[in-house]
Amino acid sequence: MRTPLVAGNWKMNGSRETIKELINGVVEGAKVLNGIDIAVCPSAIHIADVTEVTAGSNVAVGSQHACIELKGAFTGETSIDMIKEFGCQYAIVGHSERRTIYGETDEMVAKKFAVVKKTGMIPIFCIGETLEEREANITEKVCAHQIDVVFALEGDNAFEGAVIAYEPVWAIGTGKTASPEQAQAVHAFIRQHIAERNADIAEKVQILYGGSMNPMNAKELMDQKDIDGGLIGGASLKHEDFLVICQAAQVSI
Ligand code: 13P
């Protein structure tokens with residue numbers, strides 16, 4: 001049985017003050033939760049404030065982004081070692097906002113995935129199709145390709161110790177959630193695709209759903225066999241909502 005993971009992606013939101021309130025609320029509420037993994041991914045500049053509060057708690061911290069290079073003349077970037085030094089265990093790679101707005105290609109994302117793993121952190125590897133791709137019936141092909149680029153770089157065991165987040169681009173921040181059946185079908189496909197390389201890793205890898213998951217729809221989604229939690233954007237910005245989603249993960253076990 002896989003342990004569910006609920007991870008909040010706070011994106012570029014909050015001030016030092018509101019982020020402190022948010023993380024204090026999450027840590028406090030998470031005290032009564034068990035049997036699930038919980039993580040929050042603040043903006044890089046808020047990571048130090050957040051890890052100060054999460055230290056010794058059951059809430060892990062992740063970065064939303066990391067530089068593809070390890071160090072050197074890369075103005076404005078943050079290295080994965082810097083992120084690790086500040087207490088992060090996870091790093092999101094390949095979020096669709098990074099792919100579409102900042103032009104990160106499948107190859108760049110795969111290289112970042114490798115850098116995160118090499119540092120001993122857990123990549124949360126995001127994949128998913130656009131609306132046009134779904135309408136053209138190529139969702140599986142798109143997801144398979146995004147995964148295969150990582151296999152090509154890292155070999156058949158690439159997803160050992162990694163997390164995958166299926167985030168249909170059309171569902172992110174739109175209020176349009178994939179139905180539990182739609183999401184389950186893609187999650188099952190992803191697991192099967194990984195099983196073709198390594199059945200044991202496929203059975204163990206956590207596959208999260210992301211895209212307008214909220215306190216109302218979380219349970220139905222997480223009740224699906226191959227949905228092992230969520231990567232939550234908007235609804236993770238209120239600790240009460242985030243904690244309801246965590247509770248849904250707990251009862252889905
Ligand atoms: P929303 O939950 O706001 O749709 O965002 C999902 C997401 O992008 C998480 O990474």
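Bear in mind the structure is a predicted one, so any value in this text is a computation, not a measurement. Counting starts at 1 for both ligands and their atoms, in listed order.
Under 4.0 Å from ligand 1, the heavy atoms of Asn9 that appear belong solely to its side chain. Of all the heavy atoms of Ser96, none lies under 4.0 Å from any atom of ligand 1, so neither backbone nor side chain is involved.
Summarising the hydrophobic clusters (Ile, Leu, Val, Met, Phe, Trp, Tyr; side-chain heavy atoms under 4.5 Å, direct or chained), the residues clustered with Ile101 are Tyr102.
Taking distance alone, with nitrogen or oxygen atoms compared against 3.5 Å, Gly173 approaches ligand 1 more closely than that limit. Inclusion of His95 in the set of residues having an N or O under 3.5 Å from an N or O of ligand 1 is warranted.
Classification of Arg2 and Glu203 as a salt-bridged pair holds, one side-chain N sitting under 4.0 Å from a carboxylate O.
The nearest heavy-atom contact from the protein to atom 2 (O) of ligand 1 is Gly233 N, 2.9 Å. Looking only at heavy atoms of the protein, atom 7 (C) of ligand 1 is closest to Glu167 OE2, 3.2 Å. Among protein heavy atoms, the minimum distance from atom 3 (O) of ligand 1 is reached at Gly234 N, 2.8 Å. In terms of protein heavy-atom proximity, atom 5 (O) of ligand 1 is nearest to Lys11 NZ, 3.3 Å.
The two atoms that bring Met213 and Ala235 nearest to each other are O-CB, 3.5 Å, heavy atoms only.
For the residue pair His95 / Glu104, no side-chain donor-acceptor distance below 3.5 Å is found, with atom types taken as modelled. Remark: the His193 side chain and the Asp148 side chain contain an N/O donor-acceptor pair separated by less than 3.5 Å.
Remark: Lys204 NZ is loosely packed, at most 12 non-hydrogen atoms of other residues, nucleotides or ligands lying under 6.0 Å away.
Linking ILVMFWY residues whenever their side-chain heavy atoms come closer than 4.5 Å, directly or via other members, leaves Tyr209 and Val169 in distinct clusters.
Taking a cut-off of under 4.0 Å to the non-hydrogen atoms of Ala171, the atoms of ligand 1 that pass are 4 (O). The ligand atoms of ligand 1 that sit less than 4.0 angstrom from a heavy atom of Ser212 are 1 (P), 2 (O), 4 (O). Close contacts between ligand 1 and Gly211 involve ligand atoms 4 (O), 6 (C) [criterion: under 4.0 Å to a heavy atom].
When side chains are defined from C-beta on, Val61 does not count as touching Ile23, because their heavy atoms never get closer than 4.5 Å.
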